[in-house]
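To start, the structure under review is shown below, and the notes come after it.
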Amino acid sequence: MYSKQIQILKRSVSNYNINESSKYLDEFENSVSKAIDLSLEIIVKKIIDTTDSFKIDLFYKDAYKIRNTHENIIQNIPAVLTNDTSLDELSENFELNFSLDLNTITESIAQKTFIKLDSAERIFKMSIIVVICYFVEQKIDKAHIKSHFEDEVTEKEPEQDIQEKEIEETAKPGLSKKMVFAIAAILLVGLSLFFMTGSRQGTTATETTIDAEKQPQNIEFKDINKLGDYIDYMLPSDDIITIPEKGSEKAILDFILDNSNSLNGSGYWIVLDRIHFKDRAPSYFIDSEEQITNIALILSSFPKTKIEIAGYTDNLGNPKSNETLSLKRANSIKDALVKLKISEDRISTKGYGQEFPLFKNDNETNRKENRRIAVKIIK
């Protein structure tokens, strides 16, 4: 609820603070961002739903006191996160005033975002401070708290009855902001890979013959330019993931939910469309975390499902080195999923190097598509 206002409120945290906080907490930046979203929603809803004017008066009194004493607190969120005393002192009155069950709240946040319980607690307390400062800076009148948030809520289209609980985003002309940012990020990654690869001197290509008979069967490849609109998809666990309607996560879900699928375990590979790696390195770009987190949520919702992760490279460099690199890339995705609380015994990995290219390695565009990660679903 109040998603637009939550995002406005969240901007005061800044991407820099989120990035620094994720480093300190040793959590995925995407997970920290989602934990902040959940925390802000809970806190704002608690304030809006409160009918006790005495509690509201106490909240404002405390808010002005904190804002006046710690003028630049929002600009230095990481310092607050690392200071247990500051976190407790600045958030304690709010917790007591609104009778918050901190343990239950933080456990829920940790479970939904795959972060540590301590990280969830720190983020929630930090979010209380963010809300307090926001109320003071916006000079929100006590009598108009609810209307302040509701006035800017855009009227939603009637919800469509969508199979498998998909909730379509409100129809808008052109690309959504989320889609624009996603495409921009992908273009930047693609350009950086192009120029870094093109600038290497003395790199030779060993051409691999594409033998159709040796190709893994049933490959599902998604064109990054044809993923469709983003949709909210409700999982059996009641978690909601935001995914492209024609993207890899949707293909994984369709396969898992199709009980009649005769390809189970026989080699049905789905190429992950938004996983990108640094040039000639096993580490992935940070924009890959969103898809990794989505896959972790899917696997968490279907605990009997296992996957095999396969890594691939282009044909630049030594074939043996490429095989090693591809395995390292597959293992880096496995490690990320294990960090997100997916059991290690549910994930196997394989590095195929430059084998089984999707396209001929005759230009950089094709080589980029051949540098990929694919997953095989085993129900």
Residues that [X] engages under side-chain contact (heavy atoms from CB on, under 4.5 Å), provided they are two or more places apart:
X: E95; answer: S91, L100, L102, K125, I128
X: A296; answer: F114, L337, L340, I342
X: D345; answer: S343
X: K23; answer: N19, E20

Checking [X] now: which residues fulfil side chain to side chain donor-acceptor pair (under 3.5 Å) with it, not counting sequence neighbours?
X: T349; answer: N331
X: D141; answer: H144
X: S301; answer: S237
X: T104; answer: D101

Partner residues of K350 under the salt bridge (charged side-chain N to carboxylate O under 4.0 Å, His left out) criterion, sequence neighbours left out: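 Partners of K350 by the salt bridge (charged side-chain N to carboxylate O under 4.0 Å, His left out) criterion come out as none, since no residue qualifies.
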Cluster companions of L117 among Ile, Leu, Val, Met, Phe, Trp, Tyr (side-chain spacing under 4.5 Å):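 Cluster partners of L117: none, it stands alone.
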Hydrophobic cluster partners of F54 (side-chain heavy atoms under 4.5 Å):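 L58, which link up through side-chain heavy atoms under 4.5 Å apart, make up the rest of the cluster.
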Residues that F94 engages under ring pair (Phe, Tyr, Trp, His ring centres under 6.0 Å), provided they are two or more places apart: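 Scan of F94 (ring pair (Phe, Tyr, Trp, His ring centres under 6.0 Å), adjacent residues dropped) gives F59, F98.
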Geometric class of the Y352/Y312 ring pair [parallel <30°, tilted 30-60°, perpendicular >60°]: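 Y312 and Y352: parallel rings.
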K250 charged N/C atom sitting above Y233 aromatic ring, 6.0 Å / 45°: no
Donor-acceptor contact below 3.5 Å, side chain S31 vs main chain E27: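 Checked: no pair found.
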Test side-chain contact (heavy atoms from CB on, under 4.5 Å) applied to K304 and R346, step by step: CA-CA 8 Å; K304 293 183 180 180; R346 296 175 60 192; over 6 Å; no
